**Student:** 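I have a structure I would like to understand better, so I am pasting it below and will then ask my questions one at a time.
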Amino acid sequence: MIRQPFHLVELSPWPLTSGIAALFLTGGFVTWFNGYSFIILLFAFCLLILSMLQWWRDVIRESTFLGFHTSNVVKGLRWGMIFFISSEVLFFFSFFWAFFHSSLAPSPEIGCSWPPSGISPLNPFSVPLLNTAVLLASGVTVTWAHHSMIEGNLTNTLQGLTITVSLGAYFTFLQAQEYLDASFSISDSVYGATFFVATGFHGLHVLIGSTFLFVCLFRVFDNHFASNHHFGFEAAAWYWHFVDIVWIFLFMCIYWWGSL
């Protein structure tokens with residue numbers, strides 16, 4: 001038998017079903033935005049959630065019960081997560097580029113001023129500052145949970161993860177309220193476009209990170225992690241810290257500097 005350091009996965013239908021769900025998700029949003037039925041969108045969401053649950057179940061089985069995630073495999077997963085977060089950094093870099101391109105040299109179409117004429121920016125020291133405190137606190141609690149897991153303290157790990165997920169949900173609630181109270185929309189010049197696209201995609205990443213940590217919370221309950229073998233949780237913590245750092249730049253550049 002030839003030994004190799006990789007985990008050759010079994011044939012799985014979940015990449016195919018996830019791709020189909022993504023296709024129908026795009027088509028569903030297009031039909032819904034144009035005033036048609038949302039049945040396609042609902043079908044896509046159901047198929048996507050089903051694919052996610054089944055795929056996560058298979059990965060958990062492979063890592064926790066079948067022992068396929070050896071040290072070499074975990075090393076590959078670790079590098080994969082590093083490259084993924086690096087690609088996300090470039091993704092948000094494009095939004096900051098668009099923002100500074102428009103704000104440092106405002107065009108006559110927006111009144112040669114920033115914020116553009118007629119735009120009343122949000123007060124950065126109200127809800128945005130509270131959201132900053134919430135996310136920074138969540139970074140502390142997820143670090144606490146991670147160190148508790150390394151030390152084998154299950155109780156503190158559960159407490160830290162529970163608080164982190166709760167803070168993530170609270171952040172999402174505050175941002176939704178902020179969007180509802182905003183005096184401008186995504187169609188209000190380049191300011192509205194860059195603001196809602198940048199903060200909206202960050203909010204989506206908060207939802208994804210919260211889901212990631214929520215799954216880890218249930219896995220901790222079921223004793224899926226060991227003090228020296230818990231890359232699933234470690235990857236979630238990395239992702240959450242990335243979300244925290246992006247928000248700090250969003251707050252300083254778009255909320256604070258962009259409203260001066």
Side-chain angles (χ1 to χ4, degrees), residues 1-33 37-92 142 146 149 161 164-165 168-169 172 200-226 229-243:
M1 182 177 68
I2 300 176
R3 299 183 63 85
Q4 43 80 26
F6 308 107
H7 170 213
L8 302 179
V9 298
E10 300 292 334
L11 294 177
S12 172
W14 312 128
L16 177 62
T17 58
S18 298
I20 294 173
L23 174 64
F24 279 98
L25 195 66
T26 304
F29 273 119
V30 170
T31 55
W32 183 47
F33 288 163
S37 174
F38 62 90
I39 297 300
I40 297 177
L41 187 61
L42 182 62
F43 167 77
F45 270 119
C46 292
L47 182 58
L48 183 63
I49 292 173
L50 176 64
S51 301
M52 287 166 54
L53 292 175
Q54 299 298 319
W55 205 342
W56 284 340
R57 179 205 62 184
D58 289 351
V59 173
I60 290 171
R61 286 176 177 173
E62 293 163 359
S63 63
T64 306
F65 304 114
L66 301 178
F68 291 156
H69 286 193
T70 62
S71 58
N72 284 326
V73 172
V74 170
K75 182 179 180 180
L77 293 172
R78 194 181 303 275
W79 275 109
M81 193 66 188
I82 291 172
F83 287 133
F84 169 69
I85 293 178
S86 299
S87 71
E88 292 285 272
V89 170
L90 297 178
F91 178 71
F92 277 98
V142 77
H146 189 194
M149 181 174 292
L161 267 178
T164 305
V165 172
T172 302
F201 269 111
H202 177 268
L204 177 62
H205 282 69
V206 170
L207 286 173
I208 294 171
S210 299
T211 305
F212 204 168
L213 291 171
F214 191 66
V215 172
C216 289
L217 178 61
F218 274 91
R219 294 191 65 189
V220 173
F221 269 116
D222 290 336
N223 292 311
H224 287 178
F225 297 125
H229 191 82
H230 53 265
F231 178 70
F233 174 73
E234 191 175 352
W238 288 1
Y239 189 85
W240 196 253
H241 289 309
F242 159 74
V243 169

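The figures that follow rest on heavy atoms only: side chains count, while hydrogens, waters and symmetry mates do not. All values reported here derive from a predicted model rather than from experimental measurement.
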**Student:** Say you draw a straight line from CG of Leu204 to OG1 of Thr172; how long is it, rounded to the nearest 0.5 Å?
**Tutor:** 10.0 Å
**Student:** Indicate the ring-plane relationship of Phe92 and His202, choosing parallel, tilted or perpendicular according to the 30° and 60° boundaries.
**Tutor:** perpendicular
**Student:** First locate atom CH2 of Trp14, then atom CG of Asp58, and finally report the distance between them rounded to the nearest 0.5 Å.
**Tutor:** 7.0 Å
**Student:** Could you walk me through whether Ile208 and Tyr239 pass the side-chain contact (heavy atoms from CB on, under 4.5 Å) check?
**Tutor:** CA-CA 9 Å; Ile208 294 171; Tyr239 189 85; 3.8 Å; yes
**Student:** Parallel, tilted or perpendicular, judged at 30° and 60°: which one describes the rings of Phe218 and Phe214?
**Tutor:** perpendicular
**Student:** Looking only at the aromatic ring of each residue, does the gap between the centers of Phe242 and Trp238 stay below 6.0 angstrom?
**Tutor:** no
**Student:** With sequence neighbours excluded, tell me which residues meet side-chain hydrogen bond (donor to acceptor under 3.5 Å, both in side chains) with Glu62.
**Tutor:** none
**Student:** Are more than 12 heavy atoms, taken from residues, nucleotides or ligands other than Phe24, located less than 6.0 Å from that residue's CZ atom?
**Tutor:** no
**Student:** For side-chain contact (heavy atoms from CB on, under 4.5 Å), just list the numbers for Leu50 and Thr17, CA-CA rounded to whole Å, side-chain angles, deciding distance to a tenth of an Å, and then say yes or no.
**Tutor:** CA-CA 9 Å; Leu50 176 64; Thr17 58; over 6 Å; no
**Student:** Decide side-chain contact (heavy atoms from CB on, under 4.5 Å) for Phe43 and Ile40; before the verdict, give the C-alpha distance in whole Å, the side-chain angles of both, and the deciding distance to 0.1 Å.
**Tutor:** CA-CA 5 Å; Phe43 167 77; Ile40 297 177; 5.6 Å; no
**Student:** Measuring from Leu16:CG to Leu11:CG, what's the distance to the nearest 0.5 Å?
**Tutor:** 12.0 Å
**Student:** Please confirm whether the backbone N or O of Ile60 pairs with a side-chain atom of Ser63, one donor and one acceptor, at under 3.5 Å?
**Tutor:** yes
**Student:** Would you say that Met149 contacts Val220 through its side chain, given a criterion of any heavy-atom pair below 4.5 Å between the two side chains?
**Tutor:** yes
**Student:** Applying the side-chain contact (heavy atoms from CB on, under 4.5 Å) test to Leu41, which of Leu25, Thr31, Thr26, Val30 qualifies?
**Tutor:** Leu25
**Student:** Mind checking side-chain contact (heavy atoms from CB on, under 4.5 Å) for Val74 and listing every partner two or more places apart, or none if nothing turns up?
**Tutor:** His69, Arg78, His229, Phe231
**Student:** Rounded at 0.5 Å granularity, tell me how far CH2 in Trp56 sits from CZ in Arg219.
**Tutor:** 11.0 Å
**Student:** Give me the atom names and distance for the closest heavy-atom approach of Val165 to Ser210.
**Tutor:** CG2-O, 4.3 Å
**Student:** How many angstroms lie between CZ in Phe233 and CG in Leu217, if you round to the nearest 0.5 Å?
**Tutor:** 9.5 Å
**Student:** Look at the rings of His205 and Phe201 and say which category their plane angle falls in: under 30° parallel, 30 to 60° tilted, over 60° perpendicular.
**Tutor:** perpendicular
**Student:** Hey, what do you get for CZ (Phe212) to CG (Leu207), rounding to the nearest 0.5 Å?
**Tutor:** 15.0 Å
**Student:** Compare every heavy atom of Cys216 with every heavy atom of Gly232, then report the nearest pair and how far apart it is.
**Tutor:** O-SG, 3.8 Å
